[in-house]
Novice: 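My questions will all concern the structure given below.
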Amino acid sequence: MDEFDIIAHYFAPLAGEGAFGLGDDAAVLPLWSGHELVVTTDAIAEDTDFFPTDPPDTVAQKALRVNLSDLAAKGTSPAYYLLNLTVPRDVTPAWLTAFAAGLKRDQETFGISLLGGDTNAGVLSIAITAFGFVREGRMVRRSGARLGDHVYVTGTIGDAGGGLAVLRGEGAALSPADRDSLISRYRVPEPPVSFGATGLGDAAHSSIDVSDGLIADLGHVAKASQVAIVIDGARVPLSAPVKALWGNDALLRAVTAGDDYQIAFTGRPGLSGRFTAIGHVEKGSGVHLMQDGREVPVQRPGFRHFEG
Ligand code: ADP
Ligand code: MG
């Protein structure tokens, strides 16, 4: 099996309009009138973002969804992606079949298609570049938070971090259903893609995807917007499995865990929808986590790749 067989057999069936069946040197990206093209890229690596034993279809879905998460957080509709794939020389047809099936499933779920990529042999790594469209001038920035805004977050926080903890041996007392639910959130994130594409743009003054930890990521919004963000710990949405796993530590563990791929945004007070109000924006700097009227010290606000 050489790379041309891999491309023709596994990836050509995923090719979208403009990709010429992956049979040319480059693709054409059809534009949407009245829109701007938004582009983002993210790679995932074995032992950092997934385990070598994870099912290949979930690895494919994670690689794609971490990119869709960035587009969603910017108020953007996803449309196309490029796939830069490095696979071991002895990769099996079964692995490639499952990997391509994961991509296909998500293409159908999210209405996107493959435009091209590159295929190499080496240590498994998957880099995806995703393209989306947003109405002209409407991409939601980190820098738009206003004094008096409320802070909102989609979904629940900490589930994926909980899944990683379970895979590393925590939570032996959890029910099998709770363990599975957390592990599946780690392996296959559930970014709110349709909310990002349709509701976020009208609601949000600023926004970010929660990838490294809620506190760390809101820190980027606070810095870019030159404001302080105050989080009411009691309002942070935690799932039952996260509470069962971490007990009294659940809040602090959840708000500093990575891999959520939810959206945190600020907007006028009183918004309602498929998200939860968790705090507000005021004068100052940094992110302040409050619990029982006191600020909780946060030593490590989120995941960092280059930290000992
Ligand atoms: P080059 O010689 O320029 O590197 P390739 O043989 O890598 O060309 O690619 C041939 C075609 O196959 C191109 O259209 C490229 O975008 C596509 N392609 C290669 N690898 C992948 C992949 N992993 N996923 C999708 N398309 C791919
Ligand atoms: Mg190439």
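Atoms within a ligand are numbered from 1 in the order they appear, just like the ligands themselves. Heads up: numbering here begins at 1 and tracks the sequence.
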Novice: Taking atom types as modelled and ignoring hydrogens, do the side chains of T129 and T41 form a donor-acceptor contact shorter than 3.5 angstrom?
Specialist: yes
Novice: Using a 4.0 Å cut-off to any heavy atom of D24, which atoms of ligand 1 qualify?
Specialist: 11 (C), 13 (C), 14 (O)
Novice: Quick check on contacts: which atoms of ligand 1 are under 4.0 angstrom from a heavy atom of G116?
Specialist: 16 (O), 24 (N), 25 (C), 26 (N), 27 (C)
Novice: What part of L115, side chain, backbone, both or neither, has a heavy atom within less than 4.0 angstrom of ligand 1?
Specialist: neither
Novice: If you measure every N/O of D118 against every N/O of ligand 1, is any gap under 3.5 Å?
Specialist: yes
Novice: Any idea how F275 and F195 line up, ring-wise: parallel (<30°), tilted (30 to 60°), or perpendicular (>60°)?
Specialist: tilted
Novice: For ligand 1, which part of I7 has a heavy atom less than 4.0 Å away: the side chain, the backbone, both, or neither?
Specialist: side chain
Novice: Without swapping roles, check the side chain of D149 against the backbone of R146 for a donor-acceptor pair under 3.5 Å.
Specialist: yes
Novice: Indicate yes or no: does D106 engage R65 in a salt bridge with an N to O separation below 4.0 Å.
Specialist: yes
Novice: Could you establish whether F4 and ligand 1 come within less than 4.0 Å of each other, counting only heavy atoms on the residue side?
Specialist: yes
Novice: Need the ligand 1 atom indices (1-based, order shown) with element for anything under 4.0 Å from a heavy-atom of L83.
Specialist: 22 (C), 23 (N), 24 (N)
Novice: Would you say the side-chain atoms of D118 pair up with the backbone N or O of N84, donor to acceptor, closer than 3.5 Å?
Specialist: no
Novice: Return yes if a side-chain donor-acceptor contact under 3.5 Å exists between T40 and N67, otherwise no.
Specialist: no
